[in-house]
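Working notes, structure below.
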Amino acid sequence: MSAVKAAGVRVVLDHKPILHGVDLAVGSGSWHAVLGPNGAGKSTLLKAIVGILAYQGEIRVGGESVAKLPAKHRARLIAYVPQQPQLPGDMTVAEYVLLGRTPHLGYLGVESRSDRAIAESALERLDLAGFAHRRLGTMSGGERQRVVLARALAQQAGVLLLDEPTTALDLGHQQQVLDLVDELRATEGLTVISTLHDLSLAAQYADELTLLVGGAVVATGTAREVLTEQRISEHYGARVKVLDDGEGRPVIHLVRRTHQRQGE
């Protein structure tokens, strides 16, 4: 069963077509990576799925049409981590992460002890418990990125959309975040759709990949099927060598251009 299904999705922004009839099917509990060169429409696709951009076509999450869902109901189904989140500098980390519980609050909008426990657990999982009382405006880009992910985890939606989740993170925190998302996918049935610039990382973590180019799907499948040297060269304009990591997953290496020295 597909947790997320998109059919013929088209998006026009400022009278310019961005997505051209995109189809996507993401199985429940799987990780699907959306790849593509800059300007391919990756972020636009995620915004359409979460319901913050108007689109033509059909997008269903958990069998329900995204376009017909009230915002609060939609937020119970889908959590979204944007690439460049705008955070209120005066708010504390704990206060911001607790906002992830908003879709679950009752009529009075008061957080329960359970809501606070869920938010605190999200902070701990992302190594942020010691930052709970820090103001967001005092934090580095990488720290803020983890705070936004903690809020999304506190939301406890079944579908998690991640737009370049490793942006601004150092190597260790990149691995920490991706491993945590992978653990939640495996143990709690979380369905993940992410955009990633790093093709090798996408191959490591995603079950299936979709390659977007110019707002259209040019390939969908496993990492081995999608990430070929010919396809990467054609659509990214890059010289690469695709190697095997020993477990059947491709690793992509850039190949340096060779220059002939003077006199040779």
Side-chain angles (χ1 to χ4, degrees), residues 22 24 26 30-47 49 79-85 125-127 140-150 152-153 159-186 190-215 217-257:
V22 171
L24 187 72
V26 182
S30 68
W31 188 326
H32 198 105
V34 180
L35 312 177
N38 292 339
K42 304 182 295 296
S43 298
T44 299
L45 178 59
L46 293 196
K47 290 175 183 176
I49 293 172
Y80 170 58
V81 178
Q83 186 173 345
Q84 296 180 321
R125 284 186 160 190
L126 282 157
D127 197 24
S140 71
E143 291 165 347
R144 289 156 66 93
Q145 190 81 2
R146 286 187 287 142
V147 170
V148 176
L149 181 56
L153 295 185
V159 175
L160 178 61
L161 306 183
L162 302 171
D163 195 359
E164 295 295 340
T166 56
T167 297
L169 297 182
D170 60 40
L171 199 61
H173 282 119
Q174 284 186 33
Q175 190 172 61
Q176 177 192 31
V177 164
L178 294 175
D179 280 351
L180 173 59
V181 171
D182 198 37
E183 176 190 341
L184 293 171
R185 181 197 60 78
L190 188 69
T191 301
V192 180
I193 305 176
S194 65
T195 67
L196 285 166
H197 275 303
D198 190 316
L199 303 183
S200 294
L201 276 182
Q204 282 286 315
Y205 287 93
D207 301 302
E208 282 201 327
L209 288 67
T210 288
L211 179 60
L212 279 183
V213 177
V217 175
V218 297
T220 296
T222 65
R224 291 184 67 180
E225 292 168 338
V226 173
L227 298 177
T228 65
E229 291 179 5
Q230 179 179 354
R231 189 170 282 131
I232 295 170
S233 173
E234 178 184 355
H235 297 299
Y236 283 85
R239 298 180 309 280
V240 297
K241 189 73 175 175
V242 178
L243 306 176
D244 191 291
D245 71 349
E247 296 184 10
R249 292 183 292 263
V251 178
I252 292 83
H253 290 283
L254 290 175
V255 177
R256 178 184 178 185
R257 185 191 301 275

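Computed from a predicted structure; not experimentally measured.
Open room surrounds CD on Gln84; 12 or fewer heavy atoms of other groups in view lie less than 6.0 Å from it. Heavy atoms of other residues, nucleotides or ligands lying less than 6.0 angstrom from CZ of Arg224 number 12 at most.
Asp179 meets the salt bridge (charged side-chain N to carboxylate O under 4.0 Å, His left out) test with no other residue; sequence neighbours excluded. Residues passing the ring pair (Phe, Tyr, Trp, His ring centres under 6.0 Å) test with Tyr236: none are found, sequence neighbours excluded. With sequence neighbours left out, the salt bridge (charged side-chain N to carboxylate O under 4.0 Å, His left out) criterion links Arg144 to no other residue.
Considering only heavy atoms from C-beta on, Asp127 comes within 4.5 Å of His173 through its side chain. Side-chain contact between Thr44 and Lys47: absent, with no pair of heavy atoms (C-beta onward) separated by less than 4.5 Å. Looking at Leu45 and Val22, their side chains come closer than 4.5 Å, going by heavy atoms from C-beta outward. Proximity of Arg125 to Leu184: side-chain heavy atoms (C-beta onward) are separated by under 4.5 Å at one or more points. Residues Leu35 and Leu227 form a side-chain contact, since some pair of their non-hydrogen atoms from C-beta on lies under 4.5 Å apart. No side-chain heavy atom of Ser233 sits under 4.5 Å from any side-chain heavy atom of Thr228. Between Pro82 and Val148, some side-chain heavy-atom pair lies under the 4.5 Å cut-off. Using a 4.5 Å cut-off on side-chain heavy atoms (C-beta onward), Trp31 and Val181 make contact.
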Stepwise side chain to side chain contact (heavy atoms under 4.5 Å, CB included) check, Val218 with Glu234: CA-CA 11 Å; Val218 297; Glu234 178 184 355; over 6 Å; no

Assess the residue pair Leu126 and Val177 against the criterion (side chain to side chain contact (heavy atoms under 4.5 Å, CB included)); give the C-alpha distance rounded to whole Å, side-chain angles, the decisive distance to 0.1 Å, and a yes or no. CA-CA 7 Å; Leu126 282 157; Val177 164; 3.9 Å; yes

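For Leu24 against Ile49, the heavy-atom pair with the smallest separation is CD2-CD1, 4.1 Å. Minimum interatomic distance between Gln83 and Ser43 (heavy atoms only, all atoms of both residues): OE1-OG, 3.7 Å. His253 approaches Leu243 most closely through the heavy-atom pair CD2-CD1, 3.5 Å. Looking at every heavy atom in both residues, Thr195 comes nearest to Glu164 through OG1-N, 2.9 Å. Of all heavy-atom pairs between Gln204 and Asp245, the closest is NE2-OD2, 3.1 Å. Heavy-atom minimum distance, Val226 versus Gly221: CG2-N, 3.4 Å.
Judged by distance alone, with hydrogens and angles left aside, the side-chain atoms of Lys42 form a donor-acceptor pair with the main-chain N or O of Gly36 at under 3.5 Å.
The CG atom of Leu209 sits 6.5 Å away from the NE2 atom of His32 when rounded to the nearest 0.5 Å.
Under the side chain to side chain contact (heavy atoms under 4.5 Å, CB included) rule, Val242 has a single partner from Ile232, Val251, Leu199, which is Ile232.
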